[in-house]
S.K.: 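Quick one: the structure is below, and I'll ask about it shortly.
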Amino acid sequence: MTSLLSPSPGDTSVLAGLYGPVEVKGSKELPDRAALEVLLRPKVGLPGVLERSREQLLRQTCEAVVLGGLHPRTAITLVLQVLSDAGSLLSCCLNAACMGLLDAGLPLTSLFCGVTCALDPDGAIVLDPTTRQERDARAVLTFAIDSAERKVLATTTKGSCSVEEMQQCLAAAQRAADTIFQFYRDSVRRRYSKS
Amino acid sequence: LCGPGLRRCGAGLLVTKCGLLRHRRAGGAAAGGAYWVDSQQKRYVPVKGDHVIGIVTAKAGDVFKLDVGGSEQASLSYLAFEGATKRNRPNVQVGDLVYGQFLVANKDMEPEMVCIDSSGRSSGMGIIGQDGFLFKVSLGLIRKLLAPKCEIIQELSQLYPFELVLGMNGRIWVKAKTVQQTLIIVNILEACEYMTAEQRKQALARLSGT
């Protein structure tokens, strides 16, 4: 029905498939907007509690940008399949979700991207950390940043850090977001140049 | 004037889809030019006035339910055909293809289709006959094919004679004299989306040569 994409920082890759707007079963129907559902499937095993909490984060981020009011009483389903995980998985999922929404042609107020920062014990900021860097880090922060004014749509933190360190990570993430949005623009330009 | 892909938001304009921004200059009578975003997508959203191909899925009393590829099924009254009266009902079965236009299509109501225009004539709409082949393409290709003086259709018509119905919901129905010719036309139309004009001319030259 729509799109299959897998952007990958390093060796982490996620496949996104978006279906919608489609007919919705009675109980899930919302009278004034589209019911958005996100399904995150890990590479091995059944989805567990971690996948469920990540699905909620992705769903809330997507709901903030999708103009659901244009498609009431419909359902939009986003399925993310993890193909390989070498670190920064959540931000990869966020990027895949945004590209899926973009490719499918759903009406959006803005785009968003995911950036992961790791604070190692010395206090240095590492962007897009690998699995080893994530494990050794004191804190791992993931930000979902929107494209219109580089505001934060969602944040999740693992570990502990001070408020100043968080502000520094946020500033670094906002700078990194520019590169990601440029990548989106280049991919879309390539796609539309063929027609 | 805001077309598809753009929305008014407070004092400014919000771009809601990705694609190429297009502009049509103001004509003599039209009030101001129109801007819109040409985006590619596969899923159709019903729009009033669009001509689409629907598949009949159910007969419920006086209305037929049609699948048009959107999020809801469209309804079609049996009286909305040319020359139909309560005694003279059209012969429509489940599984038939119908070419009609949307009378009502907005986000809050179930879409309604009719097979007559405002003056009561069918003007090409109605039940599509037997045989032929129905397939689905992306909405961008349909818009390209429906543009005036489309080269693809002109080149294909020089190859074999065929009947063609284009639905704005991405569905195309083709019928040629033999099954093989029909399938050749289907393959060319499906491939047209990704071929340049040169490649298309080469493919057609190969086919008319053999």
Side-chain angles (χ1 to χ4, degrees), chain A residues 1-5 17-26 28-36 65-77 98-112 146-149 181 183-195, chain B residues 2-10 12-22 37-47 57 65 67-74 105-111 136-145 147 152 169-170 191-197 199:
Chain A
M1 305 233 174
T2 54
S3 54
L4 301 168
L5 297 152
L18 199 129
Y19 304 93
V22 284
E23 207 156 344
V24 64
K25 280 194 287 269
K28 293 191 193 158
E29 194 175 13
L30 291 169
D32 58 340
R33 54 195 169 84
L36 188 64
V65 297
V66 171
L67 285 166
L70 290 177
H71 299 289
R73 303 179 323 280
T74 63
I76 300 174
T77 310
C98 184
M99 292 211 80
L101 289 168
L102 198 62
D103 194 49
L106 282 176
L108 307 171
T109 52
S110 72
L111 303 178
F112 60 89
D146 96 322
S147 64
E149 289 163 19
F181 290 129
F183 170 74
Y184 287 175
R185 188 165 270 273
D186 292 339
S187 329
V188 171
R189 180 170 296 146
R190 240 190 337 233
R191 186 174 177 227
Y192 280 85
S193 67
K194 285 190 196 150
S195 62
Chain B
C2 277
L6 300 169
R7 280 180 75 76
R8 280 188 199 283
C9 172
L13 209 59
L14 187 66
V15 181
T16 56
K17 296 202 186 180
C18 75
L20 300 163
L21 182 68
R22 301 246 192 246
V37 178
D38 225 350
S39 69
Q40 289 178 5
Q41 56 185 84
K42 285 196 185 156
R43 177 145 280 270
Y44 177 67
V45 173
V47 170
T57 54
K65 287 279 181 236
D67 164 37
V68 289
S71 60
E72 257 184 296
Q73 303 213 324
N106 56 45
K107 63 185 169 84
D108 300 309
M109 294 168 61
E110 182 194 45
K136 192 166 183 326
V137 293
S138 78
L139 307 186
L141 180 62
I142 297 278
R143 285 199 295 262
K144 204 158 69 168
L145 291 170
I152 307 175
N169 53 347
C192 264
E193 192 160 11
Y194 302 111
M195 284 203 287
T196 60
Q199 289 168 327

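Chain naming here is simple, since letters A, B, ... match the order of the sequence lines and numbering starts at 1 in each.
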S.K.: What part of A/L111 gets within 4.5 angstrom of chain B, counting heavy atoms only: side chain, backbone, both, or neither?
M.R.: neither
S.K.: Name the region of A/T74, side chain, backbone, both or neither, that has any atom closer than 4.5 Å to a heavy atom of chain B.
M.R.: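 For A/T74, the contact with chain B is made by the side chain alone.
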S.K.: Mind listing the closest non-hydrogen atom pair of A/Y192 and B/L20 along with its distance?
M.R.: CD2-CG, 4.3 Å
S.K.: Between B/D108 and chain A, with a heavy-atom cut-off of 4.5 Å, which part of the residue counts as in contact: side chain, backbone, both or neither?
M.R.: both
S.K.: Taking all non-hydrogen atoms of both residues, which atom of B/R7 and which atom of A/L70 are closest, and how far apart?
M.R.: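 Taking every non-hydrogen atom into account, NH1-CD2, 3.1 Å.
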S.K.: Rounded to the nearest 0.5 Å, what separation is found between the CD atom of B/Q41 and the CG atom of A/D103?
M.R.: 10.5 Å
S.K.: Which heavy atom in B/S71 sits nearest to a heavy atom in A/P21, and how many Å separate them?
M.R.: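 Minimum heavy-atom contact is CB-O, 3.5 Å.
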S.K.: Kindly give the heavy-atom pair with the smallest separation between A/E23 and B/Q73, and that separation in Å.
M.R.: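 Where A/E23 meets B/Q73 most closely, the heavy atoms are OE1-CG, 4.4 Å.
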S.K.: B/R43 side chain to A/Y19 main-chain N or O, any donor-acceptor pair under 3.5 Å?
M.R.: no
S.K.: Which residues satisfy the side chain to side chain contact (heavy atoms under 4.5 Å, CB included) test with B/K107, sequence neighbours excluded?
M.R.: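 By the side chain to side chain contact (heavy atoms under 4.5 Å, CB included) rule, B/K107 matches A/P72.
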S.K.: Counting only heavy atoms closer than 4.5 Å, note whether B/V45 contacts chain A via side chain, backbone, both or neither.
M.R.: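 Side chain of B/V45 only, per the 4.5 Å heavy-atom cut-off to chain A.
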S.K.: Are more than 12 heavy atoms, taken from residues, nucleotides or ligands other than A/R185, located less than 6.0 Å from that residue's CZ atom?
M.R.: no
S.K.: Between B/C18 and A/V188, what is the shortest heavy-atom contact and its length?
M.R.: SG-CG1, 4.0 Å
S.K.: Under 4.5 Å heavy-atom distance to chain B, tell me which part of A/L67 shows up: side chain, backbone, both or neither.
M.R.: side chain
S.K.: For chain B, find which of A/A148, A/P107, A/S110 contributes the most heavy-atom pairs closer than 4.5 angstrom.
M.R.: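 The answer is A/P107.
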